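Below is one structure, written out as structure tokens, with a few remarks after it.
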Amino acid sequence: MSLFQRARRIDSRARFFVTLLLLVGLVLSSGCSQTEPPADLTIINGVEPESLDPAIITGQADGRVVAGLFEGLTRLNEKTARAEPAMAEKWEISPDGRTYTFHLRTNLLWSTGEPITTADIVYSWIRALDPLTASEYAGQLFYVKNGEAFTTGKIKDPSQVGVHALDPYTLRVELEHPTPFFLDLCAFETLTVVPRQTIQKYGDRWLMADPLPCSGPYRLGYWHLNDKIRLLKNTNYWDAANTQSAIVDMLPVGSPDAALNLYIHGQADIVWDKSLVPTDLIDLLLQRPDFHSFSYLGTYFIRFNVTKKPFDDARVRRAMGLTIDRERIVTKITRAGEQPAYSLVPPGTANYSPLDITNYDPGLARKLMEQAGYKDGNGFPTFEYLFDAPAGGSAKIHEDIAVELQQMWHDNLGIQMNMRQLEWKVYLSAQAQLDYQVMRSSWIGDYNDPNTFLGMFTSTDGNNHTGWKSPSYDALIHDANQEPDARKRAEIFREAEKMLIDEDAPIIPLFYYVGINYFDTNRIQGIYQNVLDMHPLQTIKKIKPPR
Amino acid sequence: MYFVKRLMYAVPLLLIISALAFGLVRMAPGSPFDRERVPASPEIERQLKAKYHLDEPVIKQYGRYLNDLLHGDFGVSTKYRNHTVNDIIEQALPVSMLLGGLAFCFAMAIGLPVGFITAARKGQWPDVIGGLLSLLTVCIPSFVIAPLLILDFSVKWNLLPVGLWGTPARMILPTLALGMFFVGKVARLFREGMISAMQSEYVRAARAKGLGETTLLLKHACRLAILPVVSFAGPMLADLLTGSFIVENIFQIPGIGIFFVNSTSNRDYTMEVGLALLYAILLVLLNLLVDFIYTLLDPRVKYE
């Protein structure tokens, strides 16, 4: 009798364990084979949304889901990403640009069947402004009269805020000043319409309500964290006839390799987050016909802390900007078709025409340094350049750029730079507390207007983070935002930007971002590239491949 | 009685762990609401902190936390603001436990026989090959094994899915990637245990009585040799059941392991403390279980 035969006989416990294993297997296979209909469209959407509450979300991935669930007075056109009528079928704007009268469609319904009226819009906006909601994007409603005063508690009565329901289908909105991008803002998620009764009943966990009343082209099937968000067509949506896909699955995937693998193996139809392109393969991938790169409202730039020597001297900051070979950075490091940037506001921004300047002149830079008292870098202290650690498997682009900058500044100006990499939250905290000398930074436009970029460098803006304060710059931005004439307004903004980039230079723009998404154009229809990288879900459709 | 006492001791231990975790996460630089985009008014950030009581003194926050904890409430995640920590654990832990359980079974099912054979054939070729294989699995980390498995089984041979969760086929590769390290570890521990057991006096006595080699190995040596594996299995199971950041990330599995790492980089205070406690509770319980199994396996072990 062999050793193993005996083993079997001696140890009856083994049999018990084998049975147990089989049982576990059985439970597994039965537990997993829940049948659910396959999705008409599967999209890899980027990181897991923090929330699906329009008033709470801040991330782009969150916004892409929420845009399917909740709608505002306007929505963004899938081709141009500009506002088009949605809940409001038409509107009038007063000659001074401060009062908007919106006329709602009369056939608006929640996904659960109840009518949507102007009272719901007033409720949703006031809720986003309410201090108790603690909405980080409440600022999108500060253009509305008394919006900011209500959020900061200066006024307590919500009826003083400039949004009024004249009747169930007519809404009057008063603004603080003329705001040419206000119709675009009406499509922004913070201003979309949310269900009052459900929120009052369930509080912070209202999104778990079943059924959840939705105002957009889709309703929520389910939301399993880090697994899947399933969206189902909202048949009560006013434009439901034009919703192209009935079931849409949004997969949260953080790793570019996993996203690419899933896409190639047919587990996903669309991948639409630039951070989901494996950077090491970018040259190869961009040659494929299903990889699409397009220009985008975002700029990568360097921030100076102007409260610290020697960066309090504009000549030093300008000299450092003049010696950066942006062409080299976009061709050697980023490699996805980014354009070198010499202005903060990217080309293609609405209500604007970009500055036409090229800031590359090492000769002038050396002269400026000499004037500042640092001939050939003599006497210039070694300084520190901060950048953040790449998150979740994305490439070390910030580090590679830092290495290039170190070399360029050393070769052209004779100055020494040390690099310091920080964890994301630590990096943000250093930025907020001005606890840095020079750091990398970036900004993605919230709406299609120069104000989303230029407004942040006014003295009091929370996103300034440079310590740079200029009363004349503040005055220009203020004037631009009071100016009802579009051409004059653009001109004032250009003057302000020239001051920001060319004269005082508390920041140095490096390049404009591109967006990248990947999908097979022979199989997917209804996605159009636009500067906001916004692609309304209801227009996207998968077509069967020809046999 | 002894085990009841041990459970009682666990209470102050968990209190200390929760206090430490609570204080340490708040001492780390950066806060949950440090964002790339600062809200349009500083008032908004103040309201946000007030909403999560982060504006109160830490002691008061901790008191509030303990009180909620007594009611089984781990609090609201500061990152996923519509979810409580309980919601997240409820959704993600079963997935990780299933994967961890499978990896545990896999590690035992392969590791124990390999350990047994290498010990029984000590110095002969099965020992050399088995030893080499277990050394290999212990040395290669999961972030190397997982992509290699995907490359071969999914990309090249198209046999198994590249990722996601929910069907038995999708569970195979993650189970291998997660369990491989423990296969080697279990095999080596069991082999060592067997060899030292074979040299112990009671085995020598049994052999002197004239027992056959096979009975000796299976009935007498095994029982003692399994002890190091059992004591390793406790913390190992706690590790496996709470998921793996690497394996879950590579295979896109909706488990709890991802939260262990991400909650830290997100400074998700409530989630960090909740997970630390969850892990501590599992560890305490499983260690207790290990001690209990000891009393069953080794008659010499008695707890007063």
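Reckoned from all heavy atoms, side chains included, excluding hydrogens, waters and symmetry mates. Protein chains get the first letters and strands the later ones, always in sequence-line order, with residue 1 at the start of each. Being a predicted model, the structure only gives us computed values, none of them experimental.
With chain B as the partner, the residue from A:Y427, A:W424, A:W206 showing the most heavy-atom pairs under 4.5 Å is A:W424. Most heavy-atom pairs under 4.5 Å with chain B, from the set A:I56, A:D461, A:D53, A:L207: that is A:I56. Between chain A and the residues B:P254, B:A40, B:G30, the most heavy-atom pairs under 4.5 angstrom are made by B:P254. The greatest number of non-hydrogen atom pairs below 4.5 Å with chain B, out of A:V253, A:L132, A:L52, is found for A:V253. Across B:V95, B:I253, B:N266, B:V76, the residue that shares the most heavy-atom pairs under 4.5 angstrom with chain A is B:N266. Each of A:G139, A:A258, A:S429, A:G153 has some count of heavy-atom pairs under 4.5 Å with chain B, and the biggest count is that of A:S429.
In terms of modelled atom types and a separation under 3.5 Å, the side chain of A:H265 and the main chain of B:P161 share no donor-acceptor contact. A donor-acceptor pair is defined here as one N or O able to donate and one able to accept, closer than 3.5 Å; no such pair exists between the side chain of A:E136 and the backbone of B:F33.
Within the 4.5 angstrom heavy-atom criterion, no atom of A:S441 approaches chain B. The contact between B:T264 and chain A is made entirely by backbone atoms, counting heavy-atom distances below 4.5 Å. In this structure, chain B has heavy atoms under 4.5 Å from both the backbone and the side chain of A:L262. When heavy atoms are compared at a cutoff of 4.5 Å, B:P32 approaches chain A solely by way of its backbone atoms N, CA, C and O. The part of A:E423 that comes within reach of chain B is its side chain, from C-beta onward, which places non-hydrogen atoms under 4.5 angstrom from that chain. B:K79 touches chain A through backbone and side chain together, each having a heavy atom under 4.5 Å away. If you measure heavy-atom distances from A:Q433 to chain B, you find no contacts under 4.5 Å at all. Both the backbone and the side chain of B:R35 come within contact range of chain A, judged by heavy atoms closer than 4.5 Å. Of the two parts of A:M208, only the side chain, counted from C-beta on, holds a non-hydrogen atom closer than 4.5 Å to a non-hydrogen atom of chain B. In this structure, chain B has a heavy atom under 4.5 Å from the side chain of A:L251, while its backbone stays farther away. Looking at B:V155, both its backbone and its side chain come within 4.5 Å of chain A, counting heavy atoms on both sides. Of the atoms belonging to B:I250, it is backbone heavy atoms, and not side-chain ones, that fall under 4.5 Å from chain A. No part of A:L422 comes within reach of chain B, as not one of its non-hydrogen atoms sits under 4.5 angstrom from that chain. Interface remark: B:D87 contributes side-chain atoms only to the contact with chain A (heavy atom separation under 4.5 Å).
The minimum heavy-atom distance linking A:V426 with B:R267 is given by the pair CG2-NH2, 3.5 Å. Taking all atoms of both residues into account, the shortest heavy-atom contact from A:N261 to B:I150 is ND2-CG2, 3.8 Å.
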(request) Give the intermediate values and the outcome of side chain to side chain contact (heavy atoms under 4.5 Å, CB included) for residues A:K425 and B:S31. (result) CA-CA 7 Å; A:K425 290 279 184 185; B:S31 91; over 6 Å; no
>> Between B:Q91 and A:W223, is the side chain to side chain contact (heavy atoms under 4.5 Å, CB included) condition met? List the steps.
In response: CA-CA 10 Å; B:Q91 277 193 25; A:W223 175 17; over 6 Å; no
Begin from the C-alpha positions of A:E50 and B:S77 and carry the test side-chain hydrogen bond (donor to acceptor under 3.5 Å, both in side chains) through to its verdict. CA-CA 10 Å; A:E50 291 180 22; B:S77 160; over 6 Å; no
Could you walk me through whether A:Q267 and B:L164 pass the side chain to side chain contact (heavy atoms under 4.5 Å, CB included) check?
CA-CA 9 Å; A:Q267 305 280 312; B:L164 301 180; 3.7 Å; yes
Stepwise side chain to side chain contact (heavy atoms under 4.5 Å, CB included) test for A:L225 and B:H83: CA-CA 10 Å; A:L225 274 183; B:H83 287 84; 3.9 Å; yes
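Counting heavy atoms from C-beta outward, A:N226 and B:F259 have side chains that approach closer than 4.5 Å. Between B:V38 and A:M456, every side-chain heavy-atom pair lies at or beyond the 4.5 Å cut-off. Contact annotation: the side chain of A:F142 approaches that of B:S41 to within less than 4.5 Å [non-hydrogen atoms, C-beta and beyond]. Taking 4.5 Å as the limit, some side-chain heavy atom of B:T84 sits within range of a side-chain heavy atom of A:R205.
B:N82 and A:S51 share a side-chain donor-acceptor pair at under 3.5 Å. Defined by atom type and a distance below 3.5 Å, a donor-acceptor pair is missing between the side-chain atoms of B:R37 and A:T58. Side chain to side chain, A:T133 and B:Q47 fail the donor-acceptor criterion of an N or O pair below 3.5 Å.
Outside the 6.0 Å centre-distance limit, the rings of B:W165 and A:H224 are not counted as a close aromatic pair.
When the ring-ring contact (aromatic ring centres under 6.0 Å, His included) test is applied to A:F301, no partner is found at least two apart in sequence or on another chain.
Interatomic distance, OG of A:S255 versus CD1 of B:I246, reported as 12.0 Å (0.5 Å rounding).
For the pair A:D204 and B:K51, the salt-bridge criterion is met [side-chain N within less than 4.0 Å of a carboxylate O].
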